[in-house]
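Keep in mind that the numbers below use all heavy atoms, side chains included, and drop hydrogens, waters and symmetry copies.
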2 protein chains.
Amino acid sequence: MARYEQIASDLRDAIVRGDYPIGAQLPSEAELALRYSAARGTVRQAVALLAAEGLVGSRQGARRIVLGSERSQSFAELHSFAQWARSMGYRASGTVLSSRRRPCTPAEAVRLSLEPGEEVLAVLRLRRLDGEPVLVERTVYAGWIAPAVERLDPECESVTQELYESVGLVFAYGEHLIDAIAAGSEDARLLGVRRGSPLLRQRRTTTNQEGRPVECSDDRYRAGSVTFSIRNSTSANPLVRRAGD
Amino acid sequence: MARYEQIASDLRDAIVRGDYPIGAQLPSEAELALRYSAARGTVRQAVALLAAEGLVGSRQGARRIVLGSERSQSFAELHSFAQWARSMGYRASGTVLSSRRRPCTPAEAVRLSLEPGEEVLAVLRLRRLDGEPVLVERTVYAGWIAPAVERLDPECESVTQELYESVGLVFAYGEHLIDAIAAGSEDARLLGVRRGSPLLRQRRTTTNQEGRPVECSDDRYRAGSVTFSIRNSTSANPLVRRAGD
DNA sequence: TGCTCTGGCTTGTTTGTACAAGTTCGCCTA
DNA sequence: TAGGCGAACTTGTACAAACAAGCCAGAGCA
C-alpha cells in the first residue's frame with residue numbers, strides 16, 4: 001500500500017470515528033505533512049482521495065472541511081452484486097434461468113465492439129438477498145469470454161470473483177445508465193411484483209483493464225430494495241443526467 | 001485557466017474529435033510533456049482529469065487508452081435542472097405550486113444541520129421540458145436562505161443561477177440518493193401519469209462552499225424522461241449501491 | 001516453431017522547492 | 001462602532017529529479 005493511501009486510510013478512519021465531525025476543519029497540509037513525516041505532495045494525494053470519495057471538501061485559501069462520515073467502497077461494490085451484498089451483511093444468492101449463444105444484435109455489436117453477427121452469450125439471472133428475489137439480470141457476454149462463463153456453476157454466487165479466479169479477468173471500467181421503468185410480465189413474475197410496478201433499471205457496459213468490452217447488462221431492481229448513492233462537488237464528478245432515450 | 005486544464009481541454013477535444021478513437025493509445029506522458037513544454041507532473045494532472053471523467057483509463061506500465069469520447073459536464077448538470085436542460089437543447093420552465101414556512105421536522109434538522117424546530121421553507125415546484133411536465137420537486141430550504149428564495153419569481157427558470165446572482169450563493173457539494181418509486185396521487189396528477197406508475201426519485205442534500213447545508217429535496221422524474229449516467233473505474237468512483245431504506 | 005527472458009519503455013510514488021491566489025482575522029482608523 | 005487594510009496562513013499550480021513497479025516486444029534458446 002502506497003504511503004498516500006495509508007495516510008488517506010488513517011484520516012478516513014479518524015473521520016468515520018468522529019474525531020473530525022461533519023463541518024469540522026481538517027489539519028492543514030503542512031501540519032499533516034509534519035505529523036506523518038511525508039512531503040506535502042504526498043499529503044495532497046491522500047486528501048485528494050478523500051475529496052474524490054466526497055468525505056471532505058476544499059477551497060483555495062481555506063482549511064479543508066469534513067462533508068460526510070460514511071465510507072463507501074467504490075467500484076467493486078457498484079459492479080458486483082455479491083461483493084456489495086456481503087459487505088452490507090446480506091446473504092446473496094442467484095440462479096441462472098437461461099443461457100444461450102446467439103448472434104449479436106447491431107446495438108450489441110456497437111456496445112461490445114464486436115463485428116456484426118459475431119456470437120455472444122445471453123444469460124438471464126435472478127438474484128436474491130436473504131432469499132428474497134430483488135434483481136433480474138439480463139447480461140450479454142462477448143464471445144471470447146463465453147466459454148469461461150458457461151463453465152460457471154449456475155448457482156454461482158459471485159460471477160465477478162469466479163471469472164477472476166478462473167481466467168484472471170478483471171472488470172476495470174464501466175458505464176452505467178440508471179432510470180426507472182415499469183415491470184414487464186417476465187420481470188413481474190420473477191420478482192414477485194405486479195406487472196407495471198416500478199423497477200430501478202441499471203444498464204451497464206463493462207470492460208477489462210485493456211479497455212476491451214466484456215459484457216453489457218440490463219439489471220432491474222425491485223423498488224425499495226436498493227438505492228444508488230453519490231456524493232459530488234463542483235470539481236469533478238462523473239454522474240450526469242441525460243435525456244430519456 | 002490553469003496550464004493542466006488547458007492541456008486536458010486540448011486532449012479532450014482531440015478525443016472527442018476522433019484523433020484518438022476508442023481503444024487507441026494516448027501518447028506517453030514524456031511525449032506530452034515535450035509537446036506542451038510542461039513538466040511531467042503537470043501532464044499527469046491533465047490526464048488525471050480525463051480519467052476522472054471516464055474518458056481514458058490507465059494501468060501502470062502500459063500506455064493510457066481511450067475508453068469513451070462523449071464529454072459530460074459534471075456537477076452543474078447534475079444539480080441545476082435548468083442548466084442541464086439548456087445544455088441539452090431543451091427549453092426548461094417551472095412553476096412554484098406552493099411555498100410556505102414551517103418548523104423543520106427532526107429528520108430535516110439532521111440533514112440540514114439545524115436546531116430542532118428551527119424554521120424552514122418548503123417549496124413544491126413542477127418542472128417542464130419543452131412544455132411537458134417531467135419533474136415534481138419538493139424542496140426544503142434552511143431558514144437563513146429562505147428570504148432570498150421567497151424573493152424569486154415563481155416562474156423562475158433557474159433557481160441556482162438566480163440565487164447566485166442575488167446573494168452570491170454557490171451550491172458546491174451534494175449528496176444524492178437515487179431509487180424508483182410508484183407515483184402517489186399528487187405526483188400522478190401533476191405529471192399526468194397514472195397513480196402507481198414508475199418514477200425515478202432523486203433525494204439530495206446540497207451545501208455551499210463552506211459546507212453549510214442549504215437545501216434538501218425530493219425530486220421525482222416521470223419514467224422515460226431522464227436517465228442518470230455514470231462512468232467509473234477500479235480506482236475511485238463515488239457512486240455506490242445501498243440497501244433499500 | 002514455440003518458449004523464456006531480458007532490456008527498454010511507461011506509469012506510479014515520493015520528495016523538495018517556489019510562487020500564485022484566496023481566506024481569515026485582528027488591528028487600525030474614521 | 002463599523003468598516004477597511006493588511007499580514008499570516010492555507011490551498012492551488014508548476015517544475016525538477018529519482019526510483020519503483022508493471023508491461024511489452026524482440027532477442028535468444030531449445
Side-chain angles (χ1 to χ4, degrees), chain A residues 1-11 20 23-52 55-67 168-170 172-173 207-212 233-236, chain B residues 1-11 20 23-52 55-67 168-170 172-173 207-212 233-236:
Chain A
M1 202 188 211
R3 190 89 182 84
Y4 77 92
E5 287 175 310
Q6 294 172 18
I7 297 174
S9 173
D10 196 59
L11 288 174
Y20 302 105
Q25 293 185 334
L26 238 52
S28 74
E29 294 176 359
E31 193 183 322
L32 289 173
L34 208 65
R35 179 188 306 177
Y36 291 107
S37 304
R40 194 184 146 215
T42 305
V43 170
R44 282 182 65 80
Q45 283 187 73
V47 293
L49 262 191
L50 301 185
L55 287 183
V56 305
S58 65
R59 322 132 61 190
Q60 182 173 120
R63 289 272 263 260
R64 265 176 255 273
I65 47 178
V66 177
L67 296 173
L169 178 69
V170 175
Y173 308 107
T207 77
N208 67 3
Q209 291 178 316
E210 294 152 32
R212 190 173 183 191
S233 67
T234 42
S235 56
Chain B
M1 201 187 211
R3 188 90 181 85
Y4 77 91
E5 287 174 310
Q6 294 172 20
I7 297 175
S9 173
D10 196 59
L11 288 173
Y20 302 106
Q25 293 187 334
L26 238 52
S28 74
E29 293 176 1
E31 193 183 324
L32 290 174
L34 209 64
R35 178 186 307 176
Y36 292 106
S37 304
R40 193 182 148 216
T42 306
V43 170
R44 281 181 68 80
Q45 281 186 75
V47 293
L49 263 190
L50 301 184
L55 287 183
V56 305
S58 65
R59 321 130 64 191
Q60 183 173 129
R63 286 275 188 94
R64 271 184 241 297
I65 46 178
V66 178
L67 295 173
L169 179 68
V170 176
Y173 308 107
T207 77
N208 67 2
Q209 291 178 317
E210 293 152 32
R212 191 173 182 191
S233 67
T234 41
S235 57

query = Going 5' to 3' along nucleotides 10-24 of chain C, which nucleotides have protein heavy atoms under 4.0 Å from the base (write B), which only from the sugar-phosphate (write S), and which from neither (write -)?
reply = BBBBBB--B--BBSS
key: Separation of atom CD in B:Q25 from atom P in C:dC9, rounded to whole Å   = 15 Å
inquiry  = Testing the basics here: between B:A8 and B:L50, what is the closest heavy-atom pair and its distance to 0.1 Å?
reply    = O-CD2, 3.7 Å
ask   = Could you state the interatomic distance from CD (B:E29) to OG1 (B:T42), rounded to the nearest 0.5 Å?
value = 11.0 Å
query = Could you give the angle between the helix axes at the two ends of the helix from C:dT1-D:dA30 to C:dA30-D:dT1, with five pairs per end, rounded to 10 degrees?
reply = 10°
query = Under the 3.5 angstrom rule, does the side chain of A:R40 hit a backbone N or O of A:A30 as a donor-acceptor pair?
reply = no
remark   = Looking only at heavy atoms, the pair that brings A:I65 and B:Q209 closest together is CD1-O, 3.7 Å
request  = For B:I7 and D:dC15, give me the distance from atom CD1 to atom C1', rounded to whole Å.
outcome  = 12 Å
request  = Check for a donor-acceptor pair, side chain of A:R64 on one end and backbone N or O of A:A51 on the other, with a separation under 3.5 Å.
outcome  = no
message = B:R35: which residues meet the side-chain contact (heavy atoms from CB on, under 4.5 Å) condition with it, sequence neighbours left out?
response = B:Y20, B:P27, B:E31, B:L32
Heavy-atom closest pair, residues B:N208 and B:Y173 = O-CD1, 3.6 Å
query = For the pair made of CG in B:L34 and C1' in D:dC15, what is the distance, rounded to whole Å?
reply = 15 Å
message = A side-chain contact here means heavy atoms from C-beta on lying under 4.5 Å apart; do A:V66 and A:L55 qualify?
response = no
